Student: 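One structure coming up, written as structure tokens, with questions to follow.
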There are 2 protein chains.
Amino acid sequence: MRTRDDDLNKTRSATILSAAGDCFVRNGFHSTSMKDICSAAGMSPGTLYHYFRSKADIIAGIVEGERAATQLILSRLTDAPDFMQALFMALEALAGSITERDLILHAEVSAEVLRRPELRVRARAADDEARDWLAAAIAEAQASGELARVLSAHEAAVCVLALIDGMLWRATLHEASDLGERLEPLKQALTRLLAEGQVPR
Amino acid sequence: MRTRDDDLNKTRSATILSAAGDCFVRNGFHSTSMKDICSAAGMSPGTLYHYFRSKADIIAGIVEGERAATQLILSRLTDAPDFMQALFMALEALAGSITERDLILHAEVSAEVLRRPELRVRARAADDEARDWLAAAIAEAQASGELARVLSAHEAAVCVLALIDGMLWRATLHEASDLGERLEPLKQALTRLLAEGQVPR
DNA sequence: ACCTGAACACCGTTCAAGT
DNA sequence: ACCTGAACACCGTTCAAGT
């Protein structure tokens with residue numbers, strides 16, 4: 001009997017998640033068999049099941065990766081003096097780093113999230129985390145007078161996240177490549193939505 | 001050899017789509033077997049395949065139903081004199097008629113749409129149709145001075161649809177029942193986004 | 001044309017057996 | 001502990017046969 005090897009565990013898990021993600025993007029969740037993932041990851045079914053207890057568990061791993069990535073971008077929001085500028089920089093960072101693979105994988109994962117109650121709870125927690133973080137930054141900018149107080153900080157945060165999500169979904173539907181094109185109108189929309197002292201015309 | 005019976009065809013198709021929708025909402029697309037749909041619709045596999053050529057073809061039928069429902073709501077936008085009022089009435093009609101079943105089914109269907117190229121093309125066309133219809137109404141209201149011209153009519157239409165979609169997705173994630181709660185902030189957000197002469201504070 | 005149900009190739013998952 | 005691959009129950013789809 002050997003002892004648990006945490007390093008190997010992490011490496012293998014990462015390999016499996018990456019291989020599975022590639023398969024899901026190429027063929028979709030439905031049409032990807034465990035055998036496909038095994039081939040892509042270079043291991044047998046038994047080994048794969050040693051690291052992930054089910055196909056759904058692999059999705060859970062991908063969801064957690066997305067949550068971490070979102071939190072990383074949002075965490076940079078608070079240390080800028082100008083909220084709108086910080087938000088725009090975050091959007092540009094997002095537009096610069098997000099790939100078509102990420103977008104398709106996200107859509108792929110989204111349906112599975114609603115389907116499985118455990119995933120749904122985790123996704124809800126991740127969304128609340130993002131909303132609260134954004135709301136805190138907005139509340140601060142409202143207090144300083146930079147942002148309008150028409151919407152509460154929480155309501156505004158939900159609108160911002162909803163708007164960005166809706167834009168990302170559309171970018172995915174209409175070829176992900178035109179995300180850059182949508183950035184400028186999105187910025188203008190966010191300004192109108194949030195900023196105090198609206199641009200006239 | 002009998003001749004084709006269009007009435008029967010329509011009835012049976014509707015039965016199958018409804019039964020399949022129920023199954024998808026209850027157990028998800030993955031975990032619904034054709035046998036499940038057959039049981040729910042009260043027919044044998046052979047019969048089901050006589051009306052729909054594949055499981056994906058059933059999804060296509062559901063997508064078409066969603067497109068028609070969206071277009072019905074949007075078609076009422078043009079005959080009102082006040083755009084914002086018409087938009088709000090459309091939103092209330094949406095909030096009043098859409099059920100948790102619709103929302104979950106929509107999410108279920110969305111992933112499948114990205115997966116299958118034929119579905120993706122159709123969904124894109126449906127989205128363009130909605131955007132163009134909305135953009136035409138916005139352009140008119142911009143011309144009359146009711147709406148601001150900061151965003152082009154098309155850009156504004158995309159933002160409106162994105163915002164609503166993002167809200168609907170969140171309502172689905174956080175129990176669909178709280179859609180009503182989100183209506184008021186959504187209206188305020190849309191006003192700030194679109195209307196000329198912003199509310200101060 | 002419309003319908004049945006057995007049959008086909010394949011799926012996610014398990015498990016006895018190896019190192 | 002880590003890994004293999006055969007085996008199990010089940011899946012989407014087809015098709016010969018009936019009316």
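Keep in mind the model is a prediction, meaning the values are calculated, not measured. Here is how names work: the chains are called A, B, and so on, in the same order as the sequence lines, proteins then strands, and each is numbered from 1.
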Student: I want to verify a distance call: between C:dT4, C:dC2, D:dT14, whose nearest atom is closest to the B:Leu8 side chain?
Tutor: C:dC2

Student: Tell me the stems DNA chain D sits in, counting at least three consecutive Watson-Crick or G-U wobble pairs, each under 3.5 Å on both distances.
Tutor: C:4-8 with D:12-16, C:12-16 with D:4-8

Student: Considering only NZ, NE, NH1 and NH2 on the basic side and carboxylate oxygens on the acidic side, decide whether A:Asp127 and A:Arg124 come within less than 4.0 Å.
Tutor: no

Student: For D:dT4 and A:Thr47 - does any side-chain N or O of the residue sit under 4.0 Å from the phosphate oxygens OP1/OP2?
Tutor: yes

Student: Check side-chain contact (heavy atoms from CB on, under 4.5 Å) between A:Glu155 and all other residues, then give those that pass, not counting sequence neighbours.
Tutor: A:Leu151, A:Ser152, B:Pro185

Student: Sequence neighbours left out, cut at 3.5 Å: what donor-acceptor pairs do the side chains of residues 84-98 of chain B make with other protein atoms?
Tutor:
residue	atom	partner	partner atom	Å
B:Glu92	OE2	B:Lys187	NZ	2.4
B:Ser97	OG	B:Ala93	O	3.0

Student: Any pair with a residue in residues 24-36 of chain A that passes salt bridge (charged side-chain N to carboxylate O under 4.0 Å, His left out), sequence neighbours left out, goes on the list, sorted by first then second residue, please.
Tutor: none

Student: Rounding to a whole Å, what distance do you find between B:Asp7:CG and C:dC2:C1'?
Tutor: 15 Å

Student: Within residues 50-61 of chain A, find the residues that approach DNA chain D with a heavy atom at under 4.0 Å, and present them sorted by residue number.
Tutor: A:His50, A:Tyr51

Student: Can you list every salt bridge (charged side-chain N to carboxylate O under 4.0 Å, His left out) pair that touches residues 11-20 of chain A, not counting sequence neighbours?
Tutor: none

Student: Once you round it to whole Å, what is the distance between C1' of D:dG12 and NE2 of B:His30?
Tutor: 14 Å

Student: Who pairs with A:Phe24 by ring-ring contact (aromatic ring centres under 6.0 Å, His included), at least two apart in sequence or on another chain?
Tutor: A:Phe29

Student: How is A:Thr32 classified with respect to the nucleic acid when contacts are heavy atoms under 4.0 Å: base, sugar-phosphate, or nothing?
Tutor: sugar-phosphate

Student: Table please: side-chain donor-acceptor pairs of residues 60-73 of chain A below 3.5 Å, with sequence neighbours left out.
Tutor:
residue	atom	partner	partner atom	Å
A:Glu64	OE1	A:Arg67	NE	3.1
A:Glu64	OE2	A:Arg67	NH2	3.0
A:Glu66	OE1	A:His106	ND1	3.0
A:Glu66	OE2	A:His106	ND1	3.4
A:Arg67	NH1	A:Glu129	OE1	3.0
A:Arg67	NH1	A:Glu129	OE2	3.4
A:Thr70	OG1	A:Glu66	O	3.0

Student: Where each residue is assigned the nucleotide of DNA chain C containing its nearest heavy atom, which of A:Ser31 and B:Pro45 is assigned the position nearer the 5′ end?
Tutor: B:Pro45

Student: So if I take every side-chain heavy atom of B:Tyr49 and compare against C:dT4, D:dG12, C:dT14, which nucleotide ends up nearest?
Tutor: D:dG12

Student: Any side-chain to backbone donor/acceptor pair from A:Arg192 onto B:Ala195? Under 3.5 Å, distance only.
Tutor: yes

Student: Near DNA chain D, under 4.0 Å by heavy atom, which residues of residues 33-44 of chain B?
Tutor: B:Ser33, B:Met34

Student: Who are the salt bridge (charged side-chain N to carboxylate O under 4.0 Å, His left out) partners of A:Arg122, not counting sequence neighbours?
Tutor: none

Student: Could you tell me which residues satisfy side-chain contact (heavy atoms from CB on, under 4.5 Å) with B:Ser18, sequence neighbours excluded, listed by chain and number?
Tutor: B:Asp22

Student: Looking at residues at least two apart in the chain, or sitting in another chain, which of them share a ring-ring contact (aromatic ring centres under 6.0 Å, His included) with A:His154?
Tutor: none

